[in-house]
Amino acid sequence: MNIDDFSLDPSVAHLNHGSFGAVPHRVRVAQNELRLELERNPDVFFATVMDRVAKARNEVAAFLGAEPDGLAFVSNVTEGVAVALNSVPLAPGDQILISDHTYGAVEIAVRRAAERAGAEVVMVTLPGQADGEWSGDEAADAFLGSVTPRTKVAVFDHITSNTARLLPARRLVDGFRALGVVTIVDAAHAPGMLELDLSELGADFWTGNLHKWAFGPRPSGVLAVAPAWRDRVEPLIPSFYQEAGFPKSVEFQGTRDYTAWLAAPHGLRVFDDLGLHAVQARNAELVARGRSIVAGATGLRPWRSDPELAMCVLRLPDGVAETQPRAEALSAEIYRKLGCRAGIKPWPGAGLLRLSAQVYNREQDYERLATGLRGILT
């Protein structure tokens, strides 16, 4: 596949797939056909939509190694985390663990849940904040070492967003379970980038996006819930299917647009043609080459990366893009001057340049960014 298989502007070097994904033509066509079907006969569409959602859910569950009855569609990971937090009873004095790598919207959801319950948010500082030199085991040690008798919930990433690192999810799930701590895994980037077996992982709650690396339409995500929690899931909005329980109570919201969920399996079928492992290996190798190209031309220092991921980061010069407004301003300048979209992430001391690789990218995309970036940063 190449950029012609997407609706992307071919005049732009799209190096920020990790933020919003990109929808192949064939998936967009499938969703458009569903929308037309809905408009032709809304009454029949909504009378049968939940059966069709269940069928789509079965296909997604098979891809993720999950139990269909333990999986619900959600709009995105932020919603999935919010549903999980809404389902875990918190009491005054309880603690919720997050880390300094937690995605911003997820942190907001955690802090609001804690505020409502009178609970406390404990921020775990992972090692290597200044230089990116940390291993997954070191991160796990920091998380597990922060548990106290008051720790009720741990929210952690499968793949960190700003820093593009893989955390040892299985070790963390097992370790927290042994300590009696409920696990909520933010796996926004995992579906499509990693080979997954959610039944084996066994997290209490695990939520991932299909519209990032699994070629799904936006917005489409899933929430996987362990058997012990399924009867206790509390949707954010009351549903006509409230008494039916999970997953219908989470999925059905009257006349919401279900077409992204129904079309999501078409995104997964792209892997049937290309090969899941081939796509993953190709993208991981390409982003590693792209990192070397950008580092060689600009002098930016790459942070440690995980070889199986299709994202990586390089540290920007001291004082650059330390805050969200400054990161957004730099991103806009790169786009305006170079015609490149790259992830600029705020970080203490210096922001991070996050690169992504997807099937439509080529080495010349990274060369284009590298050629002009040094002039912008000096």
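Each residue takes its place number in the sequence, starting with 1.
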Worksheet entry | Positive for ring pair (Phe, Tyr, Trp, His ring centres under 6.0 Å) with Phe252, one of Tyr241, Phe46, Phe73 | Tyr241
Below 4.5 Å, heavy atoms only, C-beta onward: do [X] and [Y] meet side chain to side chain?
| X | Y | value |
| --- | --- | --- |
| Asp131 | Arg301 | yes |
| Met50 | Phe240 | no |
| Ile96 | Leu90 | yes |
| Leu300 | Pro317 | yes |
| Asp100 | Gln129 | yes |
| Trp213 | Gln358 | yes |
| His189 | His158 | no |
| Val181 | Lys152 | no |

Following the transitive rule for hydrophobic clusters with a side-chain heavy-atom cut-off under 4.5 Å over Ile, Leu, Val, Met, Phe, Trp and Tyr, establish whether [X] and [Y] coincide in one cluster.
| X | Y | value |
| --- | --- | --- |
| Val110 | Tyr103 | yes |
| Leu166 | Leu196 | yes |
| Leu167 | Val153 | no |
| Ile376 | Leu355 | yes |
| Tyr366 | Val359 | no |

Once rounded to the nearest 0.5 Å, what's the spacing between atom [atom1] of [X] and atom [atom2] of [Y]?
| X | Y | atom1 | atom2 | answer |
| --- | --- | --- | --- | --- |
| Met193 | Leu309 | CE | CG | 5.5 Å |
| Ile344 | Leu353 | CD1 | CG | 4.5 Å |
| Lys212 | Ser161 | NZ | OG | 6.0 Å |
| Arg374 | Thr378 | CZ | OG1 | 7.0 Å |
| Cys340 | Arg368 | SG | CZ | 5.0 Å |
| Leu369 | Leu15 | CG | CG | 6.0 Å |

Fill in: side chain to side chain donor-acceptor pair (under 3.5 Å) evaluation trace for Gln95 with Thr148
CA-CA 8 Å; Gln95 293 179 336; Thr148 75; 2.6 Å; yes
Indicate yes or no for a side-chain donor-acceptor contact from [X] to the backbone of [Y] under 3.5 Å, with no hydrogens or angles considered.
| X | Y | result |
| --- | --- | --- |
| Thr102 | Ile98 | no |
| Thr298 | Val294 | yes |
| Ser220 | Pro217 | yes |
| Asn162 | Lys345 | no |
| Asn58 | Lys55 | no |
| Glu37 | Phe45 | no |
| Asp5 | Asn2 | yes |

Practice prompt. Report the C-alpha distance between Arg218 and Val23 in whole Å, list the side-chain angles of each, state the deciding distance to 0.1 Å, and finish with yes or no for side-chain contact (heavy atoms from CB on, under 4.5 Å).
Written response: CA-CA 8 Å; Arg218 291 174 291 269; Val23 185; 3.9 Å; yes
Any Lys/Arg nitrogen of [X] or [Y] sitting under 4.0 Å from an Asp/Glu carboxylate oxygen of the other?
| X | Y | result |
| --- | --- | --- |
| Asp257 | Arg35 | yes |
| Arg26 | Asp273 | yes |
| Arg171 | Asp137 | yes |
| Glu107 | Arg112 | no |
| Arg177 | Asp174 | yes |
| Arg269 | Glu59 | yes |
| Asp94 | Arg150 | no |
| Arg289 | Glu367 | no |

Worksheet item: Hey, mind stepping through Thr207 and Val83 against side-chain contact (heavy atoms from CB on, under 4.5 Å) and telling me if it holds?
Response: CA-CA 10 Å; Thr207 178; Val83 171; over 6 Å; no
Worksheet item: Between Glu67 and Ser199, is any side-chain donor less than 3.5 angstrom from a side-chain acceptor?
Response: no
Fill in: Arg354 and Ser19 side chains, donor-acceptor separation under 3.5 Å
yes
Please find the pair of heavy atoms, one from [X] and one from [Y], that lie closest to each other, and give the distance.
| X | Y | answer |
| --- | --- | --- |
| Leu71 | Glu251 | O-OE2, 4.2 Å |
| Arg341 | Val12 | CG-CG1, 4.0 Å |
| Ser356 | Asn361 | O-OD1, 3.9 Å |
| Gln242 | Pro235 | NE2-CD, 3.6 Å |
| Val185 | Asp157 | CG1-C, 4.4 Å |
| Arg326 | Gly319 | NH1-O, 4.0 Å |

Item to complete: Could you walk me through whether Ser87 and Glu234 pass side chain to side chain donor-acceptor pair (under 3.5 Å), step by step?
Response: CA-CA 5 Å; Ser87 304; Glu234 282 293 331; over 6 Å; no
Discussion item. Using ring pair (Phe, Tyr, Trp, His ring centres under 6.0 Å), reason through Phe215 and His266 one step at a time and then give a plain yes or no.
Written reply: CA-CA 8 Å; Phe215 299 118; His266 291 271; over 10 Å; no
Worksheet item: Centres of the His211 and Phe20 rings: under 6.0 Å?
Response: no
Discussion item. Ring of Trp134, cation from Arg165 - is the NZ or CZ under 6.0 Å from the centre and inside 45° of the axis?
Written reply: yes
Item to complete: Please work out which of the three classes, parallel, tilted or perpendicular, describes the rings of Trp303 and Trp347, given edges at 30° and 60°.
Response: perpendicular
Worksheet item: Hey, what's the ring geometry for Trp229 with Phe205, parallel, tilted or perpendicular (30° and 60° as the breaks)?
Response: tilted
Is the [atom1] atom of [X] crowded by more than 12 outside heavy atoms at less than 6.0 Å?
| X | atom1 | result |
| --- | --- | --- |
| Asp231 | CG | no |
| Glu115 | CD | no |
| Asp43 | CG | no |

Worksheet item: Going through the distances and angles, do Val53 and Tyr258 end up as a side-chain contact (heavy atoms from CB on, under 4.5 Å)?
Response: CA-CA 8 Å; Val53 166; Tyr258 297 94; 4.1 Å; yes
Item to complete: Starting from the C-alpha separation in whole Å, work towards a yes-or-no answer on side-chain contact (heavy atoms from CB on, under 4.5 Å) for Phe156 and Thr183.
Response: CA-CA 8 Å; Phe156 61 89; Thr183 50; 4.0 Å; yes
